[in-house]
There are 2 protein chains.
Amino acid sequence: MARLNLPKKARQRELMERLKADPFLTDEELSDIFHVSVQTIRLDRLELGIPELRERIKSVAERNYEKLRAIGGQEIVGELIEIELGKSGISILTPTEDMVFEKTKIVRGHYIYAQAESLAIAVIDAKVALIGVANIKYKNPVYLNDKLVAKAEVVRQRGNKYFVWVKTKVNYQEAFRGKFILVSMDDEQ
Amino acid sequence: MARLNLPKKARQRELMERLKADPFLTDEELSDIFHVSVQTIRLDRLELGIPELRERIKSVAERNYEKLRAIGGQEIVGELIEIELGKSGISILTPTEDMVFEKTKIVRGHYIYAQAESLAIAVIDAKVALIGVANIKYKNPVYLNDKLVAKAEVVRQRGNKYFVWVKTKVNYQEAFRGKFILVSMDDEQ
DNA sequence: CTACTTTTAGTATCTGGTATTAATAATAGC
DNA sequence: GCTATTATTAATACCAGATACTAAAAGTAG
């Protein structure tokens with residue numbers, strides 16, 4: 001057999017990329033792809049510090065389990081660091097790689113929006129609240145690793161309608177502001 | 001030893017819930033929790049049709065690999081089904097369990113927003129676009145499994161500014177509308 | 001006490017590895 | 001050409017977390 005293929009370094013580069021694209025490949029599948037023995041693949045992984053299949057899968061699972069919390073399932077996007085129910089609240093969100101546009105590293109608007117919206121909902125002292133109308137301005141682009149500090153204030157309440165202002169700052173500079181009108185859906189009318 | 005604990009049925013119910021909450025538990029850890037032997041746990045899993053740890057982790061990893069595409073890393077939230085660059089576009093999003101409030105099953109606003117925003121960006125025929133100002137109205141609550149049809153139209157263009165209206169309908173009824181002002185950041189000014 | 005269900009134990013086997021040692025093949029140096 | 005070095009393959013022992021199967025023991029109901 002011998003190696004009919006790539007020299008070591010090139011193979012290892014390829015290997016890294018392959019696994020980045022698809023972390024679900026076993027050593028055996030990889031050995032087929034590169035036409036080398038399984039042992040060679042293992043040696044390569046060892047040199048490159050790439051963990052075994054199961055660990056890779058596990059870390060994908062765990063990472064995404066957290067991501068769920070970040071944007072998906074949880075009640076609030078960002079970390080709630082202060083709250084006075086019915087009055088005001090502050091939350092912090094540090095955008096990660098997956099929240100930005102690849103080319104520009106500018107944070108996708110809906111993450112900023114999501115932080116603001118969920119903060120607005122959190123400060124309302126009611127069982128369930130729902131957005132009615134939102135009026136929004138994005139002032140400045142926000143970049144990867146900028147720290148988004150959102151501050152919400154309830155400015156008016158009329159019946160089951162709440163008017164909440166949320167201002168988000170990056171380095172004390174306003175990056176976003178939004179006016180949310182929330183409708184409480186408490187069972188006691 | 002014997003069983004100092006739950007009868008079979010109750011244990012199996014508990015087991016299901018435990019694994020739902022934390023799919024990373026091994027049979028051995030479970031046998032500790034319930035004070036039964038590993039074999040009993042395996043029998044339970046067999047009866048309940050719950051796959052082994054590795055399969056569970058794998059499915060979490062795979063599922064969330066897709067979810068990443070849904071809200072996180074990808075360029076567009078929802079499925080782009082028609083597009084005329086610079087003019088209009090339509091996208092469809094069917095909200096899943098993880099996009100709704102647990103109690104009410106109402107879709108969290110930022111998913112509706114994200115669909116609209118990303119559609120607005122998609123219709124602009126420019127390398128990178130960024131939200132300037134958005135003016136938004138949520139007309140009606142949207143529920144789990146409702147089919148969100150978002151339609152975007154470029155209504156005006158001035159220099160590198162684009163005005164895009166996005167209307168989202170559920171069952172031909174308007175559920176959301178938003179006005180987006182996008183700023184193109186093309187390198188050819 | 002017997003019949004049946006539930007639980008536990010034990011053994012063989014599987015996958016996808018780690019870790020280690022040793023042999024073989026390829027390539028470079030001179 | 002021969003040797004030193006590097007790269008590759010092979011072989012073996014071991015591990016976690018299982019499946020699949022058989023059998024025994026414990027518990028429970030009639």
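Lettering follows sequence order; numbering is per chain, from 1.
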Residue pairs meeting ring pair (Phe, Tyr, Trp, His ring centres under 6.0 Å), one or both in residues 135-159 of chain B, sequence neighbours left out, come to B:Y138-B:F176
Rounded to whole Å, CD1 of A:I41 lies from P of C:dG17 at a distance of 11 Å
Here the distance between atom P of C:dT5 and atom CG of B:L43, to the nearest Å, is 14 Å
note: B:F34, atom CZ; C:dT8, atom C1'; distance rounded to Å ~ 17 Å
When rounded to whole Å, the CG to C1' distance for the pair A:D44 and C:dG17 reads 16 Å
Sorted by chain and number, sequence neighbours left out, side chain to side chain donor-acceptor pair (under 3.5 Å) with A:T40 holds for A:S37
Contacts under 3.5 Å, N or O only, protein and nucleotides 18-25 of chain D:
from	atom 1	to	atom 2	distance (Å)
D:dA18	OP1	B:L53	N	2.9
D:dA18	OP2	B:D27	N	3.1
D:dA18	O5'	B:D27	OD2	3.4
D:dT19	OP1	B:R45	NH1	3.2
D:dT19	OP1	B:R45	NH2	3.4
D:dT19	OP2	B:R45	NH2	2.9

Separation of C:dG17 atom P from A:F24 atom CZ, nearest Å, is 13 Å
Here the side-chain hydrogen bond (donor to acceptor under 3.5 Å, both in side chains) pairs for residues 43-58 of chain B, sequence neighbours left out, are B:K8-B:E47, B:R11-B:D44, B:Q12-B:D44, B:Q12-B:E47, B:D27-B:R45
With sequence neighbours left out, the residues meeting salt bridge (charged side-chain N to carboxylate O under 4.0 Å, His left out) with B:K161 are none
TODO: Please state whether the phosphate of D:dT9, meaning OP1 or OP2, lies under 4.0 angstrom from any side-chain nitrogen or oxygen of A:T40.
DONE: yes
In whole angstroms, the gap separating C1' of C:dA28 from NZ of A:K8 amounts to 15 Å
Note to self: Please determine whether the number of non-hydrogen atoms from other residues, nucleotides or ligands lying under 6.0 Å from atom CD of A:Q157 exceeds 12.
What the structure shows: yes
Between CD of B:E47 and P of C:dT5 the distance, given in whole Å, is 12 Å
B:Q12 CD to C:dT7 C1', in whole Å, measures 12 Å
Students should find that the hydrophobic cluster of A:L46, defined by side-chain heavy atoms under 4.5 Å apart, otherwise consists of none
